[in-house]
K.L.:
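The structure follows.
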Amino acid sequence: MRGELCIGSASFLSLVALILLIFMHVGQISTSSVPRNIAMMKVNMTGYGAGLAAATAPDPVQGLYTDNASTPLSQHLGLRNFYEFGLYRYCAYVNSSHGTCSPRVTADKLQPYEAVISDMPEQYTIITDALISELPPTTFSNSQYLGEFSRAAYYLLLLGSVASGLAFLVGLFRHALGFLASTVFAIFGSLFLLIGSVIWTVIIKKAQGINTVMIHTTPPTPLGITVSLGDGLLLAWAAWACLVVSVLPYMISCCTYRG
Ligand SMILES: *[C@@H]1O[C@H](CO)[C@@H](O)[C@H](O)[C@H]1NC(C)=O
Ligand SMILES: *[C@@H]1O[C@H](CO)[C@@H](O)[C@H](O)[C@H]1NC(C)=O
Ligand SMILES: *[C@@H]1O[C@H](CO)[C@@H](O)[C@H](O)[C@H]1NC(C)=O
């Protein structure tokens, strides 16, 4: 009876991990006109208009943003208020509900600076580049660093997802050898998920350095760009926790099961 409980809880935990990871992947892929996203990282550009206006005063800032939710991205047709970056693409929203998304690519690189700069009208792209280069260097605008690490982290999360799927499936064959294989998959899956989640967490924390950047006006004005963690990363951490906890019951099942 206790053996059954052990097997059941191991399967349950690895299944929960798998479902969380599927949400992390699929949340970004869904193709509705009002995209509901599970993003890894979010950028709020709402305050940037005011920051830019302070930097270029007395010249006013006009036409920086677009309020047309279906305007194509990356064509200097207008900045959006909110950007959400996922594993396969990013989406840009004019308000809390309406926006448009970039095409899907596997292992999309996290390049938030490229995304926002390519939406600004040309003249503001030039001013923004100049403004950012005068400020202390930030990770937010280091597209190469963010791009490389986010892509590596994607493959780790993908491997972790495959391993947790295999742990669950192989564990369904009630056999001591199957539980041994599940134990191994759960251990490797947890490691991949851990490293992938740590990389994402670290690069987002570093990118958050932009949140407190001040423009050298008198008095200093906030730059107005705010970076935050997305739900997708929380799902990755939750899945890691479930998979780690499943290792022990899988191990006990493999050592004690007499099928
Ligand atoms: C975005 O940032 C602005 C100020 O910069 C703030 O007022 C607003 O609440 C933020 N919105 C969200 C959804 O975080
Ligand atoms: C919004 O942008 C789309 C695509 O560029 C365009 O077809 C549409 O007419 C625009 N809507 C308004 C109200 O400007
Ligand atoms: C968001 O913007 C869209 C298009 O501009 C508009 O139709 C919609 O009512 C807005 N929603 C909110 C909550 O402001």
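Keep in mind the model is a prediction, meaning the values are calculated, not measured.
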K.L.:
Does the gap between the ring centers of Tyr88 and Tyr154 come in under 6.0 Å?
P.N.:
yes

K.L.:
Distance alone, cut at 3.5 Å: any donor-acceptor contact between the side chains of Ser161 and His25?
P.N.:
yes

K.L.:
Pair Glu4, Arg174 - check salt bridge (Lys or Arg N to Asp or Glu O under 4.0 Å), show working.
P.N.:
CA-CA 10 Å; Glu4 288 299 310; Arg174 299 172 152 263; 3.3 Å; yes

K.L.:
Begin from the C-alpha positions of Thr138 and Ser141 and carry the test side chain to side chain contact (heavy atoms under 4.5 Å, CB included) through to its verdict.
P.N.:
CA-CA 6 Å; Thr138 60; Ser141 56; 3.2 Å; yes

K.L.:
List the steps and the verdict of side chain to side chain contact (heavy atoms under 4.5 Å, CB included) for Ser150 and Trp200.
P.N.:
CA-CA 7 Å; Ser150 62; Trp200 266 104; 3.9 Å; yes

K.L.:
Please report the closest heavy-atom contact between Gln208 and Val227, naming both atoms and the distance.
P.N.:
NE2-O, 2.9 Å

K.L.:
Looking only at side-chain N and O atoms, does Tyr124 offer a donor or acceptor that is under 3.5 Å from a partner on Asp129?
P.N.:
no

K.L.:
Between Tyr250 and Ser14, which heavy-atom pair has the shortest distance, and what is it?
P.N.:
OH-OG, 2.9 Å

K.L.:
Can Thr201 and Val198 be said to form a side chain to side chain contact (heavy atoms under 4.5 Å, CB included), step by step?
P.N.:
CA-CA 5 Å; Thr201 306; Val198 164; 5.7 Å; no

K.L.:
Is the closest side-chain donor-acceptor distance between Thr100 and Tyr93 under 3.5 Å?
P.N.:
no

K.L.:
Over all heavy atoms of both residues, which pair between Gln75 and Asp119 is shortest? Give the atoms and the distance, please.
P.N.:
N-OD1, 4.2 Å

K.L.:
Return the minimal non-hydrogen interatomic distance between Ser253 and Ile7, and the atom names on each side.
P.N.:
OG-CG1, 3.5 Å

K.L.:
Under the rule for salt bridge (charged side-chain N to carboxylate O under 4.0 Å, His left out), what residues qualify as partners of Glu114, not counting sequence neighbours?
P.N.:
none

K.L.:
Will you find, in the side chains of Tyr65 and Thr46, an N or O donor that is under 3.5 Å from an N or O acceptor?
P.N.:
no

K.L.:
Judged by modelled atom types alone, do Thr66 and Asn68 share a side-chain donor-acceptor pair under 3.5 Å?
P.N.:
no

K.L.:
Hey, could you give me the CG/CG distance between Asp59 and Leu52, rounded to the nearest 0.5 Å?
P.N.:
10.5 Å

K.L.:
Would you say Leu87 and Leu194 are hydrophobically clustered, going by side-chain heavy atoms of ILVMFWY under 4.5 Å?
P.N.:
yes

K.L.:
Determine yes or no for a side-chain-to-main-chain donor-acceptor pair under 3.5 angstrom, with Ser182 supplying the side chain and Phe179 the backbone.
P.N.:
no

K.L.:
Is it true that atom OH of Tyr145 has more than 12 heavy atoms of other residues, nucleotides or ligands lying nearer than 6.0 Å?
P.N.:
yes

K.L.:
Any chain of hydrophobic side-chain contacts (each under 4.5 Å) joining Val244 to Leu193?
P.N.:
yes

K.L.:
Can you tell if the side chain of Leu110 reaches within under 4.5 Å of the side chain of Ile203, non-hydrogen atoms only?
P.N.:
yes

K.L.:
Hey, does Leu79 have a side-chain heavy atom less than 4.5 Å from the side chain of Met120?
P.N.:
yes

K.L.:
State, yes or no, whether a side-chain contact exists between Leu243 and Leu13 at a heavy-atom distance under 4.5 Å.
P.N.:
no

K.L.:
If you take all heavy atoms of Ser102 and Leu73, which pair is closest and at what distance?
P.N.:
N-CD1, 3.4 Å

K.L.:
State yes or no: do Val61 and Leu77 share one hydrophobic cluster built from I, L, V, M, F, W and Y residues joined by side-chain heavy-atom distances below 4.5 Å, directly or via other members?
P.N.:
no

K.L.:
Spell out, yes or no, whether Leu180 and Leu169 are grouped together once hydrophobic residues are joined by side-chain heavy atoms under 4.5 Å, including indirect joins.
P.N.:
no

K.L.:
Starting at CZ of Phe168, measure out to CG of Leu15 and round the result to the nearest 0.5 Å.
P.N.:
4.5 Å

K.L.:
Report yes if some heavy atom in the side chain of Asn142 is under 4.5 Å from a heavy atom in the side chain of Pro137; otherwise report no.
P.N.:
no

K.L.:
Report yes if some heavy atom in the side chain of Glu134 is under 4.5 Å from a heavy atom in the side chain of Ile215; otherwise report no.
P.N.:
no

K.L.:
Run Ser228 and Asn44 through side chain to side chain contact (heavy atoms under 4.5 Å, CB included) and show every step you take.
P.N.:
CA-CA 8 Å; Ser228 55; Asn44 179 350; over 6 Å; no

K.L.:
Between Thr125 and Thr128, is any side-chain donor less than 3.5 angstrom from a side-chain acceptor?
P.N.:
no

K.L.:
Would a 4.5 Å heavy-atom cut-off, applied to side chains only, mark Lys109 and Glu148 as touching?
P.N.:
yes

K.L.:
Whether the side chain of Asn81 engages the backbone of Met45 through a donor-acceptor N/O pair (distance < 3.5 Å, no angle test) should be reported.
P.N.:
no

K.L.:
Does the side chain of Tyr48 reach to within under 4.5 Å of the side chain of Leu64, using non-hydrogen atoms?
P.N.:
yes

K.L.:
Take atom CZ of Phe188 as the centre, draw a 6.0 Å sphere, and report whether it contains more than 12 heavy atoms from other residues, nucleotides or ligands.
P.N.:
no

K.L.:
Can you tell me how far the CG atom of Leu233 sits from the CD1 atom of Ile38, to the nearest 0.5 Å?
P.N.:
12.5 Å

K.L.:
Taking the inter-plane angle between the rings of Phe85 and Tyr83 on a 0 to 90° scale, is it parallel (under 30°), tilted (30 to 60°) or perpendicular (over 60°)?
P.N.:
parallel

K.L.:
Are Phe192 and Leu235 co-members of a hydrophobic cluster defined by side-chain heavy atoms under 4.5 Å apart?
P.N.:
yes

K.L.:
Verify, without hydrogens or angle tests, whether Ser11 (side chain) and Gly8 (backbone) share a donor-acceptor contact under 3.5 angstrom.
P.N.:
no

K.L.:
Between atom NZ of Lys42 and atom CD of Glu84, what is the distance when rounded to the nearest 0.5 Å?
P.N.:
4.5 Å

K.L.:
Which heavy-atom pair separates His175 from Tyr257 by the least distance, and what is that distance?
P.N.:
N-CE2, 3.9 Å

K.L.:
If you measure from CG on Leu131 to CG on Leu223, what distance do you get to the nearest 0.5 Å?
P.N.:
6.0 Å

K.L.:
Just wondering, do Arg80 and Val116 contact through their side chains at under 4.5 Å, heavy atoms?
P.N.:
no

K.L.:
Out of curiosity, Ile225 CD1 to Ile210 CD1, how far, rounded to the nearest 0.5 Å?
P.N.:
5.0 Å

